[in-house]
Each structure stands twice: as structure tokens, then as C-alpha cells.
Amino acid sequence: METAAINPGQRGRDGQRAGIPVPGALGTLLPDGMLYRGSTVSIPGDLPLLLALGAAAGADHTAWAAVGMPYLGALAARSAGLDLECGLWVDAPGERWPEAVSTLTDGVPLILLGPVGPVAERTHRRLTGGLRRSGTVLLVAGPWPGAQLRLSVEDASWEGVGHGHGLLRRRRVRVTASGRGAAAARTADLWLPGPDGSVHPVAAPAPSADAPRTRLRAVG
């Protein structure tokens, strides 16, 4: 399936640059530090990474929706850094998830979609067209045909547990971003989450565990 390239200099309907800025460590993995409007990002196999990206993209009170993610309760979403006042849930759309996503694209700039399995070509084309028209960004917890960007955790290890006891303090991950055009392969070693619950580069000084916990917590 062919997917049209997204121009990072393209302007949206509001006249602003056609992207949602993603601050912090995750932004270094993205072209121009943003998620292009109308694009799809595939994040298979690591829910904390998907939630962290959604939280970073929604930091400026961006409206978001979670579709097909019944395990994402309000407490988990808030702990991940998502603004509950800007979010809504469609927990169990079943086989009607394409209709749910299509409806939400009319008014929600950021959609988090749970694993949906194989996507029919007709469904893919219809949803891709809707995303482009509305400028909505779709983050998928699984593979997606023609995704402009794919983020994957290549290696992950927790610190804090000794010989069968202790507390999980932080998780070190190596995240690889791959895609086409401006989304050339990039890799970053991150604490996701760090001891304070935030996401930050391994090379940077680690925030204290006593600092305010306003970012990602371990989920799933």
C-alpha cells in the first residue's frame, strides 16, 4: 500500500505548522521533534512507550481519545501523564473500531488505538484518508500498514530488584525510530520511566525519586 509523504513544512487549517510538538527526550526520536498531523505511528509491544508519547504530545492540553484500550483506567492514564480533562475512552468497540476511529477524527487531534490485528486494505485506505483530512495523529499499539513512523523498544531492563526482593526504581530502554524520508532510523537510550516517573536520556543526570511525579509510571 502506498502512503503519501507528509511535508514537515506543510501548514494546517489553523495556519500553524502541521505537527504536534513533542518536548523532551521522546522528541529527539521524531522528525523535527513533532508528530505530523494526519500521520500514523506504530508502537508495537510496549504500552509505557505509547502512553509516554501520547502524554508528551498532549502536554499542551491537546484533546485525546483511547480506543480499544479497556485496561487503561483513569488512574493509569493520569499516572502516565495524560490530562484526564482532555481525554475520552471507547473501551470495547470490538469489530466496530474503524467506525469509532473514523468518528473521533472529526474532533480529536490525538487517538491512541489498542492492538487491532490485521487491517483490511479498504479499512486502511478509508482511515488514512480521514486522518489526512482532519490532521488527527494516530498512535497504534501494534503494527499498522504504511505507518509513517515506527517506534520499538529493542532492549529493556528494570533496576531496583535485587535477589528476589526490592522495589522497581527505573527502567532502561533502547528505543529505535524508523520510517521514510525525514523519519530516518534513530536510536535513543532512555529511562522510561526514571526514578521520578519521568522520561529522560540515560546520559542525563537522573532526577531524584523524591521529585514531583508528574510523568510516566509503569503500566502493562
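We're numbering straight along the sequence, starting at 1. Since the structure is predicted, the reported quantities are computational estimates derived from the model, not experimental observations.
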Do R78 and L84 come within less than 4.5 Å of each other through their side chains, counting heavy atoms only?
yes

Closest non-hydrogen atoms of A57 and L35, given as atom of the first, atom of the second and distance, are CB-CD1, 3.8 Å

Would you sort out whether V137 and I20 count as a side-chain contact (heavy atoms from CB on, under 4.5 Å), showing the intermediate values?
CA-CA 9 Å; V137 174; I20 300 175; 3.9 Å; yes

Note, V153 side chain near R174 side chain (heavy atom, < 4.5 Å):
no

Taking side chain as C-beta onward, heavy atoms only, is L53 less than 4.5 Å from L139?
yes

Under the side-chain contact (heavy atoms from CB on, under 4.5 Å) rule, what do L131 and T40 come out as? Steps first, then yes or no, please.
CA-CA 8 Å; L131 293 171; T40 302; 3.5 Å; yes

side-chain contact (heavy atoms from CB on, under 4.5 Å) partners for A141, two or more places apart:
L50, P115

For L127 and W144, run side-chain contact (heavy atoms from CB on, under 4.5 Å): C-alpha distance rounded to whole Å, both residues' side-chain angles, the deciding distance at 0.1 Å, then the answer.
CA-CA 11 Å; L127 292 178; W144 186 267; 3.9 Å; yes

Donor-acceptor contacts under 3.5 Å from residues 88-104 side chains, at least two apart:
| unit_1 | atom_1 | unit_2 | atom_2 | d |
| --- | --- | --- | --- | --- |
| W89 | NE1 | L72 | O | 2.7 |
| T103 | OG1 | E99 | O | 2.9 |

Verify, without hydrogens or angle tests, whether S79 (side chain) and L75 (backbone) share a donor-acceptor contact under 3.5 angstrom.
yes

For R126, all residues meeting side chain to side chain donor-acceptor pair (under 3.5 Å), sequence neighbours excluded:
none

Residues at least two apart in sequence or cross-chain that pass side-chain contact (heavy atoms from CB on, under 4.5 Å) with A63, listed by chain then number, are P109

Heavy atoms of V22 and A56 approach each other most closely as CG1-CB, 3.7 Å

Working to the nearest 0.5 angstrom, can you tell me the gap between R132 CZ and S39 OG?
10.5 Å

Quick one: closest heavy-atom pair of L110 and G58, and the distance?
CD2-N, 4.4 Å

Please tell me if the side chains of V202 and R172 come closer than 4.5 Å, counting only heavy atoms from C-beta onward.
yes

Under-4.0 Å salt bridge between R171 and D46
yes

Would you say L49 and L47 make side-chain contact, with heavy atoms under 4.5 Å?
no

Between CG of L138 and CD1 of I111, what distance do you get to the nearest 0.5 Å?
6.0 Å

Keeping H200 on the side-chain end and L190 on the backbone end, is there a donor-acceptor pair under 3.5 Å?
no

What heavy-atom pair brings W64 and A77 nearest, and what distance separates the two atoms?
CH2-CB, 4.3 Å

Nearest non-hydrogen partners of G114 and Y71, listed with the distance
CA-OH, 4.1 Å

What one should report as the nearest heavy-atom pair of G142 and S42 is O-OG, 2.6 Å

Hits for salt bridge (Lys or Arg N to Asp or Glu O under 4.0 Å) against D83, two or more places apart or cross-chain, chain-then-number order -> none

Determine whether a donor-acceptor pair (N or O, by modelled atom type, separation under 3.5 Å) exists between the side chain of T105 and the backbone of T136.
no

Residue pairs fulfilling salt bridge (Lys or Arg N to Asp or Glu O under 4.0 Å) with at least one residue in residues 52-63, sequence neighbours excluded:
none

Got L30 and L149 here, is their nearest side-chain heavy-atom distance under 4.5 Å?
yes

Which residues satisfy the side-chain contact (heavy atoms from CB on, under 4.5 Å) test with S152, sequence neighbours excluded?
R150, E154, T176

List the steps, then state whether side-chain contact (heavy atoms from CB on, under 4.5 Å) holds for L29 with V175.
CA-CA 8 Å; L29 290 163; V175 180; 3.6 Å; yes

Can you list the residues that meet the side chain to side chain donor-acceptor pair (under 3.5 Å) rule with E85, with sequence neighbours excluded?
none

